[in-house]
Protein chains: 2
Amino acid sequence: MDPEPHRIRILSWNIDGLDMGNIRTRAKAVCENIMRETPDVVFLQEFVTEMSDIFDKHCGPSYERFQAASDAYYTAMLLKKQTVKCTETKVVPFYTSRMGRALQSAQAEVKGIPMTLITSHLESTKDHAEERKRQLTAAFRAVNEAEGSRTVVFGGDLNLRDPELAAIGSLPDNIYDLWEVTGKRKEAAFTWDLTRNDNLEWQARFRPKCRFDRLYIRHSTPRTQLKPVYFELTGLERIPGCRRFPSDHWGILAHFDKV
Amino acid sequence: MDPEPHRIRILSWNIDGLDMGNIRTRAKAVCENIMRETPDVVFLQEFVTEMSDIFDKHCGPSYERFQAASDAYYTAMLLKKQTVKCTETKVVPFYTSRMGRALQSAQAEVKGIPMTLITSHLESTKDHAEERKRQLTAAFRAVNEAEGSRTVVFGGDLNLRDPELAAIGSLPDNIYDLWEVTGKRKEAAFTWDLTRNDNLEWQARFRPKCRFDRLYIRHSTPRTQLKPVYFELTGLERIPGCRRFPSDHWGILAHFDKV
DNA sequence: CCAAGAGTG
DNA sequence: CCACTCTTG
Ligand SMILES: [Mg+2]
Ligand SMILES: [Mg+2]
């Protein structure tokens, strides 16, 4: 019995597997967040092997996990067993990435709606804007290569700065930013925000904040099947004990209504 | 008696006053080059006080010199006494420059032609592209603020990369690159070329070459008064004795016919 | 994973 | 004054 038959939720979160400090405590906090929010689809970035057994234990009963790799750090997708039927998964490395980044995708039916789910952790840091723009362009191309009958949600830690998006000609006309179309809520803008998140060792006076993590939707045609209704941050609470956040990034959680 | 009554020549040269090695020997070589080429107008970048008396001695009899500053390093203009009547000089600092850069200009009659002469040493290094683009935009604005009856030549060490020019919308329609309109001669493209110029101490394997130094013209209206006919590099010969070049940049020399 | 700056080849 | 890497705040 689905208590929310008309609602679909998708979470994306960079869970900072590169920080070995409290890695298992933080991973457990991420899992508990997922089991509390119960999104249908989860995109994870910076998943590392050290987290595998924790995710197996906490999320394994409810979610199927697809990993883009098995060494270093990588993306992963969790698909809720109750509501998602996955028919195909794919990983396409960005061959010019210097950081081992890739585009991970899945064909799935989510509460009966045919969807293409795509995530990535695009090239990091301002210095690598050129490579990142190539990757984003490739990702948008992948979005639009999906069959028209499918609703496509693409997102992840895109490490994106707005001028970079402008430089590649802004968003394709048929792709929408879920934070934007749900009202551009200021409280949900900055997904990596060192004025609020002190997980990183940071001795600089300047506290940067960026909207690195984003989710996009391309609707199915001719009939739109999902209506974006809400976009929120998650992972905002400190873990009791270590007093750290689950990650240096907040998670982003998008809510849709079936229409 | 002017041996070339229908010819005007303008030289621009970054003479590397920041390299104290052989500074006076190199300055003298620059002066000798000027006295040999006898351009009507000279734009200099990286002029330093240590060169003043050398320029006074060698070029002082033939050229009037206007400096944009008197400390650190700065631009200077030499105007040939025989052929140029200067009525106004101006220096406008770029207030967001972190390197003390400025736009230096002069109103002058060159062989009877009313001209606005503008030079600058735009913000250096790839890292400072944003500031450099602002400065270039301001320079083009200054070019087009000159009265239509005047022929404007603007140029110097612009430290420019082609994508930066593209990023600010390319050249204004009425401004022409003198290297381009004289045939884009490959031999005259790279004005800072570490495959040919070893003045800098350089231990890297990669030898960069860039077209940092550029000259632009905006014609007078309704009647064009100067026709660009040739564009060449100068300062290509080593100085006997120290075996170094006068500067790490080549000079750029543009030739015009009065029409 | 910010922005500056320093050091290397 | 290149590109890259590293350190520092
Ligand atoms: Mg990270
Ligand atoms: Mg220099």
Side-chain angles (χ1 to χ4, degrees), chain A residues 13-21 26 45-46 48 73 98-101 121-132 156-164 190-214 244-245 247-250, chain B residues 13-21 45-46 73 96-101 121-132 156-164 190-214 244-245 247-250:
Chain A
W13 203 349
N14 177 324
I15 55 179
D16 200 10
L18 292 174
D19 175 5
M20 283 301 127
R26 294 190 296 103
Q45 302 86 38
E46 289 193 35
V48 296
Y73 63 99
R98 297 181 53 189
M99 303 176 180
R101 307 299 169 83
H121 180 191
L122 299 190
E123 210 80 349
S124 301
T125 80
K126 185 167 198 170
D127 283 353
H128 295 94
E130 288 310 312
E131 170 63 17
R132 182 165 48 250
D157 176 3
L158 308 189
N159 277 305
L160 198 62
R161 285 77 169 163
D162 286 329
E164 299 167 1
F190 300 110
T191 65
W192 185 81
D193 182 351
L194 271 60
T195 69
R196 301 171 65 191
N197 187 309
D198 56 9
N199 264 33
L200 291 180
E201 294 181 27
W202 196 265
Q203 39 266 24
R205 167 167 315 226
F206 175 59
R207 306 274 166 173
K209 51 184 181 180
C210 300
R211 191 163 76 90
F212 282 156
D213 302 270
R214 306 188 185 200
R244 299 182 74 207
F245 296 101
S247 170
D248 63 328
H249 290 245
W250 307 135
Chain B
W13 203 349
N14 177 324
I15 54 179
D16 200 10
L18 292 174
D19 176 4
M20 283 301 128
Q45 302 86 37
E46 287 193 36
Y73 62 99
T96 50
S97 173
R98 296 180 52 187
M99 303 176 181
R101 305 301 168 83
H121 180 192
L122 299 191
E123 210 80 349
S124 300
T125 80
K126 186 167 197 171
D127 283 353
H128 296 93
E130 288 310 311
E131 170 62 17
R132 182 165 48 250
D157 176 3
L158 308 189
N159 277 307
L160 197 62
R161 284 77 169 163
D162 286 329
E164 298 168 2
F190 299 109
T191 66
W192 185 80
D193 182 352
L194 271 59
T195 68
R196 301 169 67 189
N197 187 309
D198 57 9
N199 264 35
L200 291 180
E201 293 180 27
W202 197 263
Q203 39 266 23
R205 167 170 314 231
F206 176 58
R207 304 275 167 172
K209 51 185 181 181
C210 300
R211 191 163 76 88
F212 283 156
D213 302 271
R214 306 189 185 198
R244 300 181 75 204
F245 295 101
S247 170
D248 63 328
H249 290 245
W250 307 134

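Lettering of chains follows the sequences in order, A, B, ..., and the numbering in each one begins at 1.
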Separation of [N] [atom2] from [X] [atom1] (nearest whole Å):
X	N	atom1	atom2	value
B/L200	D/dA3	CG	C1'	15 Å
A/E131	D/dA3	CD	P	17 Å
A/F190	C/dC1	CZ	P	17 Å
B/I15	D/dC1	CD1	P	13 Å
B/R101	D/dC1	CZ	C1'	10 Å

Point to revise | Gap between atom CZ of B/F190 and atom CZ of B/R211 - 0.5 Å precision | key: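 Nearest 0.5 Å value for the CZ-CZ distance: 9.0 Å.
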
Exercise for review: Would you give the length of the straight line joining atom CD of B/Q45 to atom CD1 of B/I15, rounded to the nearest 0.5 angstrom?
Suggested key: 8.5 Å

Exercise for review: Quick one, give me the B/S/- string for nucleotides 2-9 of chain C, reading 5' to 3', where B means a protein heavy atom under 4.0 Å from the base and S means that only happens at the primed atoms, P, OP1 or OP2.
Suggested key: BSSS---B

Exercise for review: Indicate whether any N or O donor in one side chain lies under 3.5 Å from an N or O acceptor in the other, for A/R132 and A/S124.
Suggested key: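 Side chains of A/R132 and A/S124: no pair found under 3.5 Å.
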
Practice item. For residues B/L160 and B/R214, determine if any side-chain heavy atom of one lies less than 4.5 Å from a side-chain heavy atom of the other. Key: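 Counting from C-beta outward, B/L160 and B/R214 do come under 4.5 Å.
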
Taking distance alone, no hydrogens or angles, what donor-acceptor pairs closer than 3.5 Å link side-chain atoms of residues 193-202 of chain A to residues at least two apart or in another chain?
residue	atom	partner	partner atom	Å
A/D193	OD1	A/T195	N	2.9
A/D193	OD1	A/T195	OG1	2.5
A/D193	OD2	A/T195	OG1	3.4
A/N197	OD1	A/N199	N	2.9
A/N197	ND2	A/S247	O	2.8
A/N197	ND2	A/D248	O	3.4
A/D198	OD1	A/R238	NH1	3.0
A/D198	OD2	A/R238	NH1	3.4
A/D198	OD2	A/R238	NH2	3.2
A/N199	OD1	A/F245	N	2.8
A/N199	ND2	A/F245	O	2.8
A/W202	NE1	A/F206	O	3.0

Exercise for review: Report the C-alpha separation of A/D19 and A/R26 in whole Å, then their side-chain angles, then the decisive distance to 0.1 Å, and conclude whether the side-chain contact (heavy atoms from CB on, under 4.5 Å) test is met.
Suggested key: CA-CA 10 Å; A/D19 175 5; A/R26 294 190 296 103; 3.6 Å; yes

Review point. So what does A/E46 hit on the nucleic acid, given a heavy-atom distance under 4.0 Å: a base, only sugar-phosphate, or nothing?
Key: sugar-phosphate

**Study point:** Separation between the P atoms of D/dG9 and C/dC1, rounded to whole Å
**Key:** 22 Å

